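These notes concern the structure reproduced below.
Every number for a ligand or one of its atoms is a count from 1 in the order of the listing. None of these values were measured; they are calculated from a predicted model.
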Amino acid sequence: MAKLYFHYSTMNAGKSTVLLQASHNYIERGMQTYLLTARLDTRAGEGRIASRIGIGAPADTFTAKDDLHARIAARLATPCACVFVDEAQFLTRDQVWQLARAVDDLGVPVMCYGLRVDFLGELFEGSAALLALADEMREVRTICHCGRKATMVVRRGPDGRALRQGAQVQVGGNETYVSLCRRHWREEMGDNPA
Ligand SMILES: [Zn+2]
C-alpha cells in the first residue's frame, strides 16, 4: 500500500542527504525514482538536490503553479518506484493534496522532506498540510550547540544578530540560519521572561 511520508526537520539537519540515500537504495536495486525540488532553491543550481556532505542528484523542479498529480502521472508512463520531494515546506496546500491523490489513486509512494517551521517559529504552508495529511511522519534530528535536540531556527543578519521579522522565504540574501533548541531560540529572539 503506497503512503505519503513527511520527513521533517529544522535547517542543516541533513534531510537532503537522507533523501538522496533513500533514493539511492531504490536505484541500487534496479528501480527508478522521480526527484522533485522547489525551483526557488538555487543553492545547488536549478534542477539539482545537493547535500552539504557533497553528494547530489539531478531533480525536476516545481513552482506553486504546477499540478504535481499531473506531473507524477506523466512520469509514471515509464516505471518509477517512488517519488521524492525536497524542500517540501514550499508546497502549497493544494499541491500536498495532489501528492496525496497520487499516492491513493496512482499507487506510488511519495516521500516529502522539508522544514517544519520558519525562523519566526511558524509552520510553512506545505509543512502544515503535510502534518495534516501524511500517512507517516519521521523527524530528521540534529542538535543545538548545547546538545539538546534542535527544533527551531534563527535567521541571523550580516551583523550576527537574530532577525525578528521579515519574509518567510528569503532568496539570495547573506543571512545565515542556525538551528537551535527552543530555549536558545527564545534567548536569541528576545523572549526572556523575568
Ligand atoms: Zn540549546
So which N/O/S atom does His184 have closest to the Zn ion (ligand 1)? ND1

Would you check if the Zn ion (ligand 1) lies under 2.8 Å from any N, O or S atom of His145? no

The Zn ion (ligand 1): angle it makes with SG (Cys146) and SG (Cys144), nearest 10 degrees: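 The two atoms form an angle at the metal of about 110°.
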
Could you tell me if Asn12 and Ser179 have a donor-acceptor pair between their side chains, going purely by distance under 3.5 Å?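 Distance-only check fails for Ser179 and Asn12.
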
For Asn25 and Gln21, test the side chains for any donor-to-acceptor distance below 3.5 angstrom and give the result as yes or no.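 Yes, Gln21 and Asn25 have a side-chain donor paired with an acceptor closer than 3.5 Å.
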
To check you understand the geometry: which heavy-atom pair defines the closest contact between Phe62 and Glu87, and what is its length?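 Residues Phe62 and Glu87, closest heavy atoms: CZ-O, 4.0 Å.
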
Does the pair Glu188/Arg156 count as a salt bridge with the N-to-O cut at 4.0 Å? yes

